[in-house]
Amino acid sequence: MMKRVKTGIKGFDELVEGGLPEGFTILLIGTPGTGKSLFTLEYLHNGAQKYKEKSMYITFEQSLSDVREQASKIGLDLARLEKNGMLTLMHIPISAVETHTIDEIKKEVKKRKIKRLVVDSISTLAVNAPVYTPIKDLALRDIMNYKAFFSPPVLGDFVVKRFIYGFISDLKELGCTTLVTSEAPEKGEFLSRDGVSEFIADGVLMLTFESLGGEYSRSLLVRKMRGTKNDDDIHPFEISKKGIVVHNIK
């Protein structure tokens, strides 16, 4: 039987047979303001406080003080968990990201014996991937397999997809139960902006925001979860001062 990792987020775990499958890497997709970061922070907070699992939050965008302030707005005290070593917050400026960044992340995860991991966000990495991917890291056979001339935009797209695929593959090897955030595109055939992460991830959660004049404007959908008979309804998603609540529409 597949072991489950409880998120502790009210109303969510029952949608995925009691929790996220242990060791899975889950993609959390949504437009800005849908609550992606807050969802992941509560997942880590609950893991560290309720379930005694060492947790780590990696951000390429926000300062750590902003992360703590954001969490406090839904009643989460991250500083206390940081002090007792159950939670680690790590800010990696995008200007400092290079091809060996994933190796540094792996080293910290193993050293701290992390069980729950969050990476926020994969979209930031995708935007900057062509900048810090040396041409020597592109295998000639990979490029030639396309049997087409590479203009700079096409080569850039290839670099992004290759980098994101490799980055998520490396995360999966860590054995943590990982949430990775991603920005949703405004339109198009792909769920994520990079167009590849949803295929390699073990699960996909989608958050949406629509101001329809009702009680709730945000919603959550479990789009994919391998090895799970998941609920496939769209559920109202509330951000309250006491945490996140996923409501059952039935």
Side-chain angles (χ1 to χ4, degrees), residues 4-16 18-20 26-91 114-124 176-184 203-223 231 234-249:
R4 300 281 164 173
V5 173
K6 294 182 181 296
T7 66
I9 294 173
K10 189 175 181 180
F12 176 77
D13 290 332
E14 47 264 46
L15 304 183
V16 286
L20 303 175
I26 313 297
L27 194 65
L28 185 59
I29 299 175
T31 52
T34 47
K36 299 185 299 296
S37 295
L38 290 176
F39 187 100
T40 62
L41 286 169
E42 185 163 351
Y43 163 69
L44 294 182
H45 178 275
N46 291 343
Q49 179 167 287
K50 294 183 179 180
Y51 308 116
K52 308 306 177 186
E53 293 187 337
K54 289 192 173 182
S55 304
M56 176 181 282
Y57 182 89
I58 299 171
T59 176
F60 299 105
E61 301 171 1
Q62 296 178 284
S63 69
L64 298 188
S65 59
D66 284 347
V67 171
R68 296 183 188 103
E69 175 64 23
Q70 188 177 18
S72 70
K73 291 180 179 179
I74 59 170
L76 306 179
D77 182 3
L78 303 186
R80 183 176 56 81
L81 293 170
E82 289 180 83
K83 288 177 183 176
N84 64 23
M86 291 302 295
L87 175 65
T88 300
L89 302 184
M90 180 183 296
H91 174 227
I114 300 299
K115 296 296 183 183
R116 298 187 182 211
L117 178 65
V118 165
V119 176
D120 186 12
S121 77
I122 201 75
S123 300
T124 303
C176 300
T177 308
T178 304
L179 290 179
V180 180
T181 67
S182 175
E183 294 293 327
V204 176
L205 307 178
M206 296 189 66
L207 299 180
T208 56
F209 182 93
E210 288 186 80
S211 185
L212 300 176
E215 185 178 1
Y216 305 111
S217 54
R218 295 176 176 85
S219 60
L220 178 145
L221 169 67
V222 182
R223 181 64 183 263
D231 185 299
I234 296 174
H235 291 267
F237 177 88
E238 178 186 3
I239 299 174
S240 75
K241 292 181 179 179
K242 295 183 178 180
I244 288 170
V245 181
V246 179
H247 294 275
N248 197 320
I249 59 176

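For reference, positions follow the sequence shown, starting with 1. Every value quoted in this text rests on a predicted model; they were computed, and no experiment measured them.
Within the 4.5 Å cutoff, the side chain of Y43 has heavy atoms near those of the T177 side chain. Using a 4.5 Å heavy-atom threshold, the side chains of I26 and L28 count as separate. Side-chain contact between L89 and R68: present, with at least one pair of heavy atoms (C-beta onward) separated by less than 4.5 Å. Side-chain contact between E183 and K36 is present, with at least one heavy-atom pair separated by less than 4.5 Å. Annotation: side chain of L64 is in contact with side chain of T59 (closest heavy-atom distance under 4.5 Å).
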| Passes side-chain contact (heavy atoms from CB on, under 4.5 Å), E53 versus V5? Steps please. | CA-CA 10 Å; E53 293 187 337; V5 173; 4.1 Å; yes
Report task. Determine, step by step, whether L221 and T208 satisfy the side-chain contact (heavy atoms from CB on, under 4.5 Å) criterion, reporting the C-alpha distance in whole Å, the side-chain angles of both residues, the deciding distance to 0.1 Å, and the verdict. Result -> CA-CA 9 Å; L221 169 67; T208 56; over 6 Å; no
request  = Take D120 and T181 through the test side chain to side chain donor-acceptor pair (under 3.5 Å) and record every step on the way to the result.
outcome  = CA-CA 5 Å; D120 186 12; T181 67; 2.6 Å; yes
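Atom CD1 of I234 is surrounded by 12 or fewer heavy atoms from other residues, nucleotides or ligands within 6.0 Å.
Here the closest non-hydrogen pair linking S55 and A48 is OG-N, 3.9 Å. Smallest separation of non-hydrogen atoms from E61 and S121: OE2-OG, 2.8 Å. The minimum heavy-atom distance between F209 and G33, with the atom names listed, is CD1-O, 4.4 Å. The minimum heavy-atom distance linking S240 with I74 is given by the pair O-CG2, 3.2 Å. Smallest separation of non-hydrogen atoms from L44 and L117: CD2-N, 4.2 Å. Shown here for L78 and H45, the closest heavy-atom pair between the two residues is CD2-CD2, 4.2 Å.
Taken to the nearest 0.5 Å, the CG atom of L81 stands 5.5 Å off from the CG atom of L87. To the nearest 0.5 Å, atoms CZ (R218) and OG1 (T31) are separated by 9.5 Å. Going from atom CG of N46 over to atom CG of L76 covers 7.5 Å, rounded to the nearest 0.5 Å. Atom NZ of K54 is separated from atom NZ of K115 by 10.5 Å, given to the nearest 0.5 angstrom. Between the CD1 atom in I114 and the CE atom in M56 there is a gap of 4.5 Å [rounded to 0.5 Å]. Between the CZ atom of R116 and the OH atom of Y57 there is a distance of 16.0 Å, given to the nearest 0.5 Å.
With sequence neighbours left out, the ring pair (Phe, Tyr, Trp, His ring centres under 6.0 Å) criterion links F39 to F12.
Proximity of a side-chain donor or acceptor of D13 to a complementary backbone N or O of T7 within less than 3.5 Å is detected.
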